[in-house]
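Quick notes on the structure that follows.
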Amino acid sequence: MYVIGKQWMWHVQHANGKRENNELHVPIGQPVRLIMTSQDVIHSFYIPAFRIKQDVLPGRYTSLWFEATKPGEYHLFCAEYCGTEHSLMIGTVIVMSLNEYQAWLTTPGDVIMPDGSIQAGQVLLNPNTSGPQLGPSLSDPMAVAGEQLFTSLGCAGCHVEAGGGTGPSLRNVFGYTQTLADGSTVLADENYIRTSILTSMKQIVQGYQPVMPVYEGQISDDQLNQLLAYIVSISNRGGNAPASVPVAEPQPSPAPTSVPAPPSAGGPFDADLATKGEQLFNNLGCVACHQDSGLGLGPRLRGLYNRQVALADGSSITADAAYLQESILNSAAKVVKDYNPIMPVYQGQLKDDEVRQLVEYIKSLTE
Amino acid sequence: MNDHGHISVRTYWNVFGGLMLLMGLTIGAYYIEKLVLPLPEIVAVGIALLIAFTKTALIVTFFMHLKVSSRLAQLFAASSFVWLLIMFMITMGDYFARGWPAQTGPLS
Amino acid sequence: MSTSAIPQNYTSTRADSATEWIKSWLLTVDHKRIAILYLLSINFFFLLGGLAASLVRVELVTPQGDLMTADMYNRMFTLHGVIMVFFFLIPAIPAVMGNFLVPLMIGARDLAFPRLNLLSWYLYMGGGVFALVAAITGGVDTGWTFYTPFSSSYSNSNVILTMSGAFIMGFSSILTGLNFIVTIHKMRAPGMTWFRLPLFIWANYATSLIQILATPVLGIALLLVMVERVWRVGIFDPALGGDPLLFQHLFWFYSHPAVYIMILPAMGVISELISAFSRKRIFGYEFIAFSSIAIAVLGFLVWGHHMFVSSQSVYSGLVFSFITMLVAIPSAIKVFNWTATLYKGSISYRTPMLYALGFIGLFIIGGLTGIFLGVVAVDIHVTDTYFVVAHFHYVMVGGTIMAYLGGIHYWWPKMTGRMYNEAWGAISALVVFVGFNMTFFPQFVMGYLGMPRRYHVYPEEFQIYHVLSTAGASILGLGFIIPIIYLTLSLFVGKVAGPNPWAATGLEWSIASPPPTHNFDQTPVVTEEAYAYPEDAAAQDSDSWQAGSHL
């Protein structure tokens with residue numbers, strides 16, 4: 001089970017998608033492993049009755065395991081001083097028989113919110129200051145949700161499962177030893193996966209370029225846990241799901257729907273520069289978001305040159321060379337409709353001729 | 001303190017020259033590591049620490065008159081480096097050993 | 001302050017005006033006057049820290065947070081920790097008794113660097129001013145351990161002010177340690193070989209070693225947190241690319257040896273007291289001397305036992321646990337040697353001895369519970385609970401503060417020329433002992449039952465222990481206030497004490513009480529071992545005992 005500690009509450013995600021706040025339901029007689037992280041400061045997950053405690057750190061996973069033997073309700077405390085309401089960061093561990101646990105696991109339930117109110121079937125998902133997000137207390141199984149994220153965030157574009165993509169295939173990665181670019185080896189455990197997603201430049205796998213975008217700050221901790229659950233599920237060493245909990249069948253990823261391309265005017269381009277631009281396009285990681293399938297975080301660029309583009313502010317503009325250049329260097333100036341303004345700013349990072357090469361490459365992308 | 005011995009002005013200038021040289025080495029090492037020869041992080045940090053240690057040793061020995069001080073004073077100064085080493089080694093021990101698999105339980 | 005019965009001494013000044021008199025004290029370089037300055041300022045901070053503790057304990061009587069808000073409570077316990085650790089326990093015995101006695105015990109005229117000594121006091125006061133300003137303008141709520149990333153990125157309180165106070169105080173500690181080391185090496189009287197030194201000197205020497213080696217690391221750790229707080233450099237906050245555990249390593253690398261700074265001088269005092277009030281040479285002198293050094297050295301290798309559950313590697317944890325077991329051995333050696341000293345000694349139950357005997361018992365409990373905490377499996381359950389709180393209060397209060405009070409009483413006649421009222425002394429020692437145990441023993445139990453530390457509100461089942469603890473705290477507080485009253489009174493109406501009211505050995509007892517500014521009229525030549533009590537001291541004492549004798 002995945003635990004996220006934050007000031008000043010605990011959030012738990014079960015593998016089948018059930019979530020809870022400030023409570024932990026576990027079955028009797030089954031070993032339970034908790035993979036925990038913090039969203040802000042150091043907390044500590046403490047169940048006195050089980051004689052276990054483990055600090056919960058931001059930026060990494062720590063883990064704990066136990067096997068409950070007696071049914072009942074037990075205290076859950078935060079045992080590392082974490083600020084104003086450290087004393088209120090307490091919860092209950094509820095140990096139930098296997099049948100009761102099964103029943104509980106598969107029904108969306110009442111959840112007691114940190115402020116004491118009772119929400120039916122809703123859980124505070126991402127309670128940070130920029131708008132708390134409510135989500136269902138029973139959602140897709142974590143591995144399935146993770147797979148959906150894997151596609152929607154554009155990971156599938158580089159991490160082609162069959163291999164041969166810009167990034168390594170993630171099948172059978174978790175639990176195996178990886179060789180890094182500087183020759184050292186590391187076991188791909190939960191922390192390795194987390195670091196690779198959030199700040200991949202810290203550990204580049206040998207034989208691959210350091211072009212993976214940084215996802216720190218772009219996905220929440222529970223989304224990260226779902227991705228982790230998915231990556232664990234596609235590895236032979238991902239551990240066994242408890243036999244009694246139905247293992248979600250990984251659904252086939254939706255076939256990329258072809259985006260109907262409006263008639264493009266196109267135009268002449270410089271083939272040499274375009275080839276160099278294509279290399280840059282891959283090396284800099286543009287390909288990860290601007291996917292040809294159209295399912296990436298950024299818009300599809302094939303057929304873009306000289307086409308009419310609808311912008312977020314409602315206006316319409318022709319995508320000429322000047323527009324392409326501006327979008328590369330300072331994308332926030334004109335964001336395309338229906339897309340988020342998350343493209344990195346390349347002003348100052350690229351030389352002028354590199355920008356020209358990219359523009360020529362984009363020009364070369366015809367339907 | 002001056003009744004112990006004497007360090008000549010020429011030595012002081014030589015040590016200063018040595019320190020400048022080492023500073024140049026530090027800067028040079030940075031540029032070499034960035035542009036020419038990428039090294040594993042531990043080697044790069046090790047080189048930087050070695051240069052820093054040499055600089056400190058030069059300053060302590062000559063500028064702080066340790067060379068012409070009593071054996072006892074030299075012992076105390078040396079022991080501070082030993083303690084620094086203790087702190088570095090045991091802390092680094094933790095960092096190195098973090099990846100070592102330790103939590104074997106029924107589920108890992 | 002001098003009367004006709006007390007000769008000219010270090011406290012008398014030929015001052016023409018009030019300002020002259022103030023200057024003679026505030027610009028003094030006499031180690032004895034500096035010790036008195038420390039005595040007054042340290043006691044002030046002790047009372048302040050005690051006030052914070054009282055507020056904390058009163059709040060904890062009820063499970064709800066009814067006396068103060070959570071924020072206020074957090075600031076209170078942090079204030080208590082910061083003041084007690086940095087401004088009371090670390091300086092107390094070395095700065096007060098060490099400063100006064102180290103030159104006297106070795107037969108020197110003053111410390112090696114008298115002006116540096118005065119600077120130490122001003123640095124202490126400077127740091128204290130920062131801490132006070134921080135407390136008055138809103139306090140700090142990070143806990144005295146300042147864990148990151150809370151202190152470096154999330155706390156909205158006066159973190160930088162408080163850390164600056166601790167940083168400056170650190171320099172005071174370093175300079176005092178430096179002074180002692182040089183003095184003990186270089187300024188011993190002729191004939192005072194290393195193994196003729198009183199054990200208080202050995203203890204202060206070991207403490208000074210720790211002070212100069214460990215304190216700079218704390219300074220850097222705090223400085224780095226301040227840098228991260230102000231300029232958002234990623235050192236400890238993972239969101240900026242740092243590692244939170246790095247702070248813990250750096251912090252505890254100082255703070256564990258720091259607790260040995262607190263306890264070693266206390267053990268030195270106890271060696272003096274046990275010997276004087278058993279009228280007997282200390283058993284195993286060399287063992288106690290070397291064990292002080294051993295504690296100082298080994299104490300640097302065990303800091304990770306504060307971090308067993310912090311996600312440091314398990315293998316590091318095992319190494320630290322093993323060495324923690326080792327560091328208990330020298331302390332145990334001391335306890336056994338003190339007990340052996342008591343055996344067949346002529347024991348006199350005066351106030352200093354009551355404190356010393358209390359120390360031995362309470363230190364055994366505190367030290368053993370420390371060993372319990374050193375076992376990783378046990379620590380996982382009880383760390384960050386009241387069990388740890390009880391453990392360190394047993395060693396810090398039951399240990400260091402008992403030794404501090406015992407030492408104050410023992411050397412009070414030497415420092416002031418007056419005897420305190422013995423009956424009140426014995427009463428307050430008893431009150432402290434009872435109050436202390438009542439305060440902190442229930443905390444062991446509730447910690448084991450799972451009550452976490454630093455909680456403002458708590459589940460109802462723990463209330464009974466908290467009530468007991470607060471009741472004990474009020475008794476303990478009384479026990480600390482009473483000595484202030486009768487010790488102050490003794491300055492005016494106490495019996496004049498001669499040079500050696502306890503008939504003890506030691507160079508400090510060979511000169512007048514209070515001592516003259518220049519300490520010794522002639523440099524003493526030492527020919528005897530330390531604690532050279534005659535074989536039949538017990539018989540001699542009982543023969544020569546009269547009503548009203550101090551022993």
Side-chain angles (χ1 to χ4, degrees), chain A residues 6-8 35-66 73-93 128-129 190-191 194-195 198-199 201-202 214 216-217 221, chain C residues 63-65 69-75 77-78 141-157 237-245 247-248 307-312 377-385 447-459 461-462:
Chain A
K6 91 163 280 291
Q7 287 173 324
W8 287 281
I35 299 173
M36 313 183 283
T37 184
S38 162
Q39 267 179 231
D40 35 43
V41 296
I42 302 182
H43 302 274
S44 192
F45 195 86
Y46 177 37
I47 308 178
F50 299 174
R51 308 286 192 262
I52 54 170
K53 179 189 287 120
Q54 175 64 47
D55 276 10
V56 165
L57 265 61
R60 58 179 291 144
Y61 286 117
T62 54
S63 96
L64 198 52
W65 80 269
F66 62 85
E73 296 193 1
Y74 307 101
H75 282 299
L76 163 64
F77 291 128
C78 171
E80 183 60 59
Y81 176 70
C82 51
T84 310
E85 293 186 13
H86 167 62
S87 328
L88 294 174
M89 198 164 156
I90 65 179
T92 324
V93 178
N128 53 32
T129 50
E190 288 89 353
N191 275 317
R194 183 196 178 98
T195 314
L198 293 182
T199 47
M201 70 290 265
K202 289 194 182 160
V214 165
E216 181 135 42
D221 270 304
Chain C
Q64 304 86 17
T69 60
D71 258 331
M72 184 68 159
Y73 178 82
N74 294 338
R75 284 161 167 72
F77 75 69
T78 306
D141 70 344
T142 59
W144 83 274
T145 47
F146 298 115
Y147 270 18
T148 55
F150 183 72
S151 64
S152 64
S153 300
Y154 290 85
S155 175
N156 295 327
S157 52
D237 187 353
L240 299 168
D243 179 35
L245 236 59
F247 175 78
Q248 293 184 31
M307 297 162 61
F308 283 143
V309 291
S310 67
S311 94
Q312 83 176 349
V378 174
D379 190 72
I380 289 181
H381 176 51
V382 291
T383 191
D384 273 316
T385 65
Y448 186 74
L449 292 176
M451 169 81 204
R453 279 176 79 171
R454 298 172 166 170
Y455 264 38
H456 168 233
V457 301
Y458 54 85
E461 67 243 40
F462 296 115

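These values consider heavy atoms only, across backbone and side chains, with no hydrogens, waters or symmetry-generated copies. As the structure is a computational prediction, the values presented were derived from the model and not from experiment.
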Is there a side-chain contact between [X] and [Y] (heavy atoms, below 4.5 Å)?
X	Y	result
A:I35	A:Y61	yes
A:E80	C:T383	no
C:D384	C:P452	no

Taking ring pair (Phe, Tyr, Trp, His ring centres under 6.0 Å) as the criterion, tell me which of C:F146, C:F77, C:W144, C:Y154 meets it with A:Y81. C:F77
Check the orientation of A:F66 and A:F50. Use parallel for under 30°, tilted for 30 to 60°, and perpendicular for over 60°. tilted
Max heavy-atom pair count under 4.5 Å with chain C, selected residue of A:G59, A:A79, A:C82, A:S38: A:A79
I'd like to verify something: which residue of A:I52, A:I42, A:D40 has the highest number of heavy-atom pairs under 4.5 Å with chain C? A:D40
For [X], which atoms come within 4.5 Å of any heavy atom of chain A: side chain, backbone, both, or neither?
X	value
C:L449	backbone
C:R454	both
C:F150	both
C:S153	neither

Measure distances from [X] to the heavy atoms of chain C and classify the residue's part below 4.5 Å as side chain, backbone, both or neither.
X	answer
A:L57	side chain
A:H86	both
A:F77	both
A:L198	neither

Can you confirm whether C:Y448 is buried at OH, in the sense that more than 12 heavy atoms of other residues, nucleotides or ligands lie under 6.0 Å from that atom? no
Do A:D55 and C:S310 pair up side chain to side chain, a donor and an acceptor below 3.5 Å, judged on atom types alone? no
Under 3.5 Å, is there a donor on one side chain and an acceptor on the other for C:S152 and C:D237? no
Which one, [options], leads in non-hydrogen pairs under 4.5 Å with chain A?
options	value
C:T69, C:V378, C:I380, C:T385	C:I380
C:G242, C:P244, C:A239, C:P459	C:P459
C:A70, C:P149, C:S151, C:A377	C:P149

